[in-house]
Amino acid sequence: MSGIASRRQAPGDQGGGRPSAPTPAPKQQLAPTLVDKKAVMNETQKKACYLVEDIIKKWANSYARAVELKPGAEGSEALEFVALFSKPSKEEPIAWPVVRVNFSVPSDFESAITPKVKYSLEGERMIYDVTTDLGRRFKESWLDRIVMDKRAIRADMALRAKK
């Protein structure tokens, strides 16, 4: 040793008259922002969310996408998610309309070799399973059709409002 003795201080020990550093206040849990939707998910839901993100990353490369818990699933064990797809452009950097795709992940997804994740497109009754040929063959044109339908409805509503 170099001749200088070091001494660890016990909690609350003032150490020869020196004031101890104030104890920081506990951090308050903040509400999740639009970017941090996984903050309200439990660990199983986060893993299932990553699975859904992995599935949709191969879909619709021209669309921006985000995955979040389905409304009402916060604070529960439900593995229900909504993937939001939008197509930003120079004219509309915050794109409208947004297309929602609902996902359901089985509770045994971690132990399954190929989990039977099911999804349905907004406004449609058909339920697809990613383990089937049809479910694996997602087409960007499906999203394009829903976007065109929403734009047509909006245009029609605008025309009716002008009358």
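Excluded from the calculations below are hydrogen atoms, water molecules and symmetry mates; all remaining heavy atoms, backbone and side chain alike, are included.
Under the side chain to side chain contact (heavy atoms under 4.5 Å, CB included) criterion, K87 pairs with S62, Y63, E140, D144, sequence neighbours left out. In terms of the salt bridge (charged side-chain N to carboxylate O under 4.0 Å, His left out) criterion, E91 has no residue partners (sequence neighbours excluded). Qualifying side chain to side chain contact (heavy atoms under 4.5 Å, CB included) partners for K150, counting only residues two or more places apart in sequence or in other chains: W96, P97, R100, E122, I146. Every residue two or more places apart in sequence or in another chain was checked for a ring-ring contact (aromatic ring centres under 6.0 Å, His included) with F109, and none qualifies. Residues forming a salt bridge (charged side-chain N to carboxylate O under 4.0 Å, His left out) with D108 (at least two apart in sequence, or on another chain): none. K90 meets the side chain to side chain contact (heavy atoms under 4.5 Å, CB included) test with no other residue; sequence neighbours excluded.
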Worksheet entry | Derivation and outcome, ring-ring contact (aromatic ring centres under 6.0 Å, His included), residues W59 and Y128 | CA-CA 14 Å; W59 297 358; Y128 300 93; 8.9 Å; no

Worksheet item: Please walk me through it: do D129 and K116 pass salt bridge (charged side-chain N to carboxylate O under 4.0 Å, His left out)?
Response: CA-CA 6 Å; D129 183 343; K116 288 187 74 124; 3.3 Å; yes

Worksheet entry | V101 and F85: CA distance, side-chain angles, deciding distance, side chain to side chain contact (heavy atoms under 4.5 Å, CB included) verdict | CA-CA 8 Å; V101 180; F85 290 87; 3.6 Å; yes

Item to complete: Start with the C-alpha gap between K118 and E80, add the side-chain angles, then the distance that decides, and say whether salt bridge (charged side-chain N to carboxylate O under 4.0 Å, His left out) holds.
Response: CA-CA 10 Å; K118 295 182 180 182; E80 304 286 326; over 6 Å; no

Worksheet item: Do F81 and V105 pass the side chain to side chain contact (heavy atoms under 4.5 Å, CB included) test, and can you show the C-alpha distance, the side-chain angles, and the key distance before you say yes or no?
Response: CA-CA 8 Å; F81 300 92; V105 179; 4.1 Å; yes

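Residues V130 and F138 share a single hydrophobic cluster, defined by chaining ILVMFWY side chains whose heavy atoms lie under 4.5 Å apart. Hydrophobic clustering of Ile, Leu, Val, Met, Phe, Trp and Tyr side chains at less than 4.5 Å, counting indirect connections, keeps V82 apart from F103. Under the 4.5 Å side-chain heavy-atom criterion for grouping Ile, Leu, Val, Met, Phe, Trp and Tyr, V98 is not connected to V52 through any hydrophobic cluster. Under the 4.5 Å side-chain heavy-atom criterion for grouping Ile, Leu, Val, Met, Phe, Trp and Tyr, L84 is not connected to I55 through any hydrophobic cluster.
In this structure, the separation between CG on L79 and CG on L51 is 10.0 Å, given to the nearest 0.5 Å. To the nearest 0.5 Å, atoms CZ (R137) and CH2 (W142) are separated by 10.0 Å.
A salt bridge between K46 and E53 is absent, with no side-chain N of the basic residue lying under 4.0 Å from a carboxylate O of the acidic one.
The two residues V67 and C49 have their closest heavy-atom pair at CG1-SG, 3.7 Å.
Within a 6.0 Å sphere centred on NZ of K57, other residues, nucleotides and ligands contribute 12 heavy atoms or fewer.
Side-chain N or O atoms of R65 include none that pairs as donor or acceptor with a backbone N or O of A83 at under 3.5 Å. Under the 3.5 Å distance criterion, the side-chain polar atoms of E124 are left unmatched by any main-chain donor or acceptor of L121.
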